[in-house]
Amino acid sequence: MTAPTPSSPRPDRGAATGPRTGTGTGTGTGTTAPRSCAEEVRDAVGQWYSRHARDLPWRAADRTAWGVLVSEVMLQQTPVVRVEPAWRAWVERWPTPGDLAAAPTADVLRAWGRLGYPRRALRLQDCARAIVERHGGDVPRGEDALRALPGVGEYTAAAVTAFAHGRHAVVVDTNVRRVLARAVGGTALPAPSFTAAERRLATAYAPEPDDAAVLWACASMELGALVCTARNPRCGECPLRDRCAWRLAGRPADEHAARRRTQTWAGTDRQARGRVMAALREGDGPLDRTALHALWHDAAQLDRCVASLVEDGLVETDDDGGCTLPT
DNA sequence: AACACGGGGCC
DNA sequence: GGCCCAGTGTT
């Protein structure tokens, strides 16, 4: 792929999300101040990223802020390998917020397919409409304006700021949390919930200059995704292997393991809702009550789930108790 | 702070 | 069969 150039004149293009070939700062001259621990970590991870970054389409040099925003929403709890084909089809069909804003919601939900959490698709369309109404159709700059959009939380606002606009942001996803928990904190995994201490640590690790902050955000996430993985981390390939607090401590087990409880799946409302949504996506017309109840054994639970889908705006009911995707 | 919210792939 | 994934919105 072509590495984006930080000096590109296009304000929305050329943020440093692609692989770099530079060697980082402060090496070799001997005239600079001693590098901090955080600087050494950033340089090591940044150099690793320059050689190992994946060639993902939302990082390409011709990316748009809208494409980045779409990718970030899709990547909320859905792995990269499943997002990539859906993302390509999505941005080809709806290349701008205005295009998505004008689309029939049923088409949007069908294009979302099996990415999971279909409320995200609804919020993304609401987000597109808000961008048209509040920002003239352009993805806004600034984390406050981004956070005010539907479906955009702390992570996504920071990610769009860094990856789409090339500006400083503290981007902390599950990968970054794990990298910092291990390399700095010495624990197997971060705490179940994102703590204020973690936010402070992440803020301290993010360098101030825009280009360096963007590189650190990309590189730390990529390290967590490819090497410092939740299960079976590849410590032998890690640029931090000689300084990682967790590895140096002998990779102790996860201290929070007892508190992480598994969500059962079979028989849940989530499964029932998913069943209904899948049938509506794949079918052409409305689903009548008979077809609906053939999807699920428990009639009372199904009625409850359909009602919740209607409440969420994912489904509309007709006079006979059948349902359709929203128009 | 805790919970609800999809779906698939991996060990 | 448990666990995890570029989280967000609600209570």
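Here is how names work: the chains are called A, B, and so on, in the same order as the sequence lines, proteins then strands, and each is numbered from 1. Predicted, not measured: the structure shown is a model, and the values here were computed from it.
The base of C:dG7 is not paired with the side chain of A:T174 by any donor and acceptor separated by under 3.5 Å. A donor-acceptor contact under 3.5 Å is not formed by the side chain of A:R114 with the base of B:dG7.
Residue-level contact check: A:R231 touches the bases, meaning some heavy atom is under 4.0 Å from a base atom.
Phosphate contact (OP1/OP2 of B:dA2, side-chain N/O of A:S193, threshold under 4.0 Å): absent.
Take the nearest nucleotide of DNA chain C for A:E154 and for A:P79: the residue whose nucleotide is more 5' is A:P79. Between A:V152 and A:R178, the one whose closest nucleotide on DNA chain C sits nearer the 5' end is A:R178.
In this structure, the CZ atom of A:R82 is 9 Å from the P atom of B:dG7, given to the nearest Å. Distance A:L309 CG to B:dA4 C1': 13 Å, rounded to the nearest Å. For the pair A:Y155 OH and C:dT8 P, the interatomic distance rounds to 8 Å; values are reported in whole Å. Atom-to-atom, CZ of A:R147 to P of C:dG7 comes out at 14 Å; the value is rounded to the nearest Å.
Taking the side chain as every heavy atom from C-beta outward, A:L180 and A:E198 never approach each other to under 4.5 Å.
A salt bridge links A:R88 with A:E84; the closest basic N to acidic carboxylate O contact falls under 4.0 Å. A:D303 and A:R289 are joined by a salt bridge, as a carboxylate oxygen and a charged side-chain nitrogen come within less than 4.0 angstrom of each other.
The environment of A:E282 atom CD is dense: over 12 non-hydrogen atoms of other residues, nucleotides or ligands sit within 6.0 angstrom.
Listed nucleotides: C:dG9, B:dG6, C:dA6. Nearest to the side chain of A:R123: C:dG9.
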